[in-house]
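One structure is given below, encoded as structure tokens.
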Protein chains: 2
Amino acid sequence: MSDMTSTADAPRSPGRPRSLRADEAIIEATLDLLAEGSTIEALSIEAIASRAGVGKATIYRRWAGKDALLLDALRRLKGILPQPEGHSLRDDLILLVGAIGKNVDPRASKIMPCLVPEVNRSPDHFRLYQNIISPRRQLMREVLRRGISEGLLRPDIDIEVTMALLTGPMLIQRVLQWNPELDEQTLPEQVVDAVLAGILTR
Amino acid sequence: MSDMTSTADAPRSPGRPRSLRADEAIIEATLDLLAEGSTIEALSIEAIASRAGVGKATIYRRWAGKDALLLDALRRLKGILPQPEGHSLRDDLILLVGAIGKNVDPRASKIMPCLVPEVNRSPDHFRLYQNIISPRRQLMREVLRRGISEGLLRPDIDIEVTMALLTGPMLIQRVLQWNPELDEQTLPEQVVDAVLAGILTR
DNA sequence: GCGTTACGAGACTGGCCCGTATCGTATTGC
DNA sequence: GCAATACGATACGGGCCAGTCTCGTAACGC
């Protein structure tokens, strides 16, 4: 969606070709500014152009406006999916939980909180957000299903609820800074163990 | 903090007194605009004044700027603390989990997501946010401690982690719209039962 | 009635930004 | 060389907003 004339489509038009370095510089400048704390709407085309060392026209030649540019820029943040090994259910879950909100691009963790209001406001951004996280949910779903079919997990559990149980604590801590008492480092392991075992006396 | 000349302090100065209805109208207008989807920084003093039917000067006479006004307005959203009955551990936890992100003021749930970026940016807003949620955490902490001392819960559990386990799923669903598959209505009960029992086979 | 302060309304300067247009220059195919 | 398109820079009109200020009016103590 919304690719505009994003450079590098085929039919070889006459004249000077678009600069690939400009594309790159614009996207990078956008992500940098967001990571430095600018809100989405405080972000201005003028600031992006200046940071990228680029004329405003060069941006408008490629994208219709801020939203289209943002959509393309944020797509860059899709990190690599973690790869559960499949040996140990517990290890796989810890891996997946630990990967929540972690991304190849270190700017992502600063940017994510800024997107929360947009996701609640704009259907486009909501779709983008779901597109990014739903493969990760799918991965966890498969690990849990495997756990059930191997007899490790109770077959009557609600998988969606269980995923929320595993994901929620990590997400509120990383995105909402929910409880300063919690240690993000050890949290994945603690969460997985608590969910697996429950807290009732035996 | 930041009370400004918030009307209604004592020594009876000469001249016309500040209008209490203006105070009220300004705060209400601010919350209304936020609830209607305006972002914190898109919110302008001019818009608030116009919505409140008030001159801009009337606002500047009371608050130093948008931040001070916002701090006061958001304080209004502190809801009433839920009151666990103390009969049933399970019922008390369901009550507390269900109250997450629910507030006496229905505008609160629309406003909360907008605050996420601010909380990450401004130490003042972060403090305000922690001031609002920490009594609720404390309430849940006490319920869990009681569960331990009554022998219902294992004494070796980490209470902070357990609270995150109970709170996280509800919060990511209400604030981040994390998983469209989940039903917010039944979630508190499902979360509490799953956390209590664990998911391992017995 | 008088001094004092508040009120709603709106004028005003100054800043930031949008989106477009226009510079002179650079890079391509023909 | 020439047409075509891109480039960075900058100018431009228009819009929204911040904060201050000034109207004419209203509400208080004395």
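First the proteins, then the strands, lettered A, B, ... as listed; each starts at 1.
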>> Taking the nucleotide of DNA chain D with the nearest heavy atom to each, does A:Gly53 or A:Glu46 sit closer to the 5' end?
In response: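 Its nucleotide being nearer the 5' end, the pick is A:Gly53.
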>> I want to confirm an ordering. Mapping B:Ala42 and A:Ala22 to their closest nucleotides on DNA chain D, which one lands closer to the 5' end?
In response: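 Closest to the 5' end, via its nearest nucleotide, is A:Ala22.
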>> Please evaluate residues B:Gln173 and B:Asn179 with respect to the criterion side chain to side chain donor-acceptor pair (under 3.5 Å), reporting the C-alpha separation (whole Å), side-chain torsions for both, the decisive distance (0.1 Å), and the verdict.
In response: CA-CA 7 Å; B:Gln173 200 56 26; B:Asn179 185 349; over 6 Å; no
Whole-Å distance separating the [atom1] atom of [X] from the [atom2] atom of [N]:
| X | N | atom1 | atom2 | result |
| --- | --- | --- | --- | --- |
| B:Arg16 | C:dT5 | CZ | P | 14 Å |
| A:Arg61 | D:dA4 | CZ | P | 17 Å |
| A:Trp63 | D:dA6 | CH2 | P | 14 Å |
| B:Tyr60 | C:dC7 | OH | C1' | 17 Å |
| B:Lys56 | D:dG19 | NZ | P | 9 Å |
| B:Ile59 | C:dA9 | CD1 | P | 12 Å |
| B:Leu33 | D:dC17 | CG | P | 11 Å |
| B:Ile45 | C:dA9 | CD1 | P | 16 Å |

> Hey, does B:Asp67 have a side-chain heavy atom less than 4.5 Å from the side chain of B:Leu71?
Replying inline: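 Counting from C-beta outward, B:Leu71 and B:Asp67 never come under 4.5 Å.
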>> Counting C-beta onward and ignoring hydrogens, is there a side-chain heavy-atom pair between B:Val97 and B:Met140 closer than 4.5 Å?
In response: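 Touching, per the 4.5 Å side-chain cut-off.
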> With a non-hydrogen cut-off below 4.0 angstrom, is B:Gly65 in contact with a base, only sugar-phosphate, or nothing?
Replying inline: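 Nothing: the residue B:Gly65, judged by heavy atoms under 4.0 Å, touches no strand.
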> What does B:Ala57 touch in the nucleic acid at a heavy-atom separation under 4.0 angstrom: a base, only the sugar-phosphate, or nothing?
Replying inline: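 If one applies the 4.0 Å heavy-atom cut-off, B:Ala57 turns out to touch a base.
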Is [X] near enough to [N] that one of its side-chain N or O atoms lies under 4.0 angstrom from OP1 or OP2?
| X | N | answer |
| --- | --- | --- |
| B:Ser44 | D:dC16 | no |
| A:Thr58 | D:dG8 | yes |
| B:Arg62 | C:dC7 | yes |

> Of B:Ala49 and A:Lys66, whose closest DNA chain C nucleotide lies nearer the 5' terminus?
Replying inline: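 It is B:Ala49, whose closest nucleotide lies nearer the 5' terminus.
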> For atom CD of A:Glu150, is the number of surrounding heavy atoms from other residues, nucleotides or ligands below 6.0 Å larger than 12?
Replying inline: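 Atom CD in A:Glu150 is crowded, with more than 12 foreign heavy atoms closer than 6.0 Å.
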> Within the side chain of B:Ser122, is there an N or O that forms a donor-acceptor pair under 3.5 Å with the backbone of B:His125?
Replying inline: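 Between the backbone of B:His125 and the side chain of B:Ser122 there is a qualifying donor-acceptor contact (under 3.5 Å).
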> Which nucleotide, C:dC7, D:dG8, D:dC7, lies nearest any side-chain atom of A:Val54?
Replying inline: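 The listed nucleotide nearest to A:Val54's side chain is D:dG8.
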> Out of C:dC18, C:dT28, D:dA27, which nucleotide sits closest to the side chain of A:Pro17?
Replying inline: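 The answer is C:dT28.
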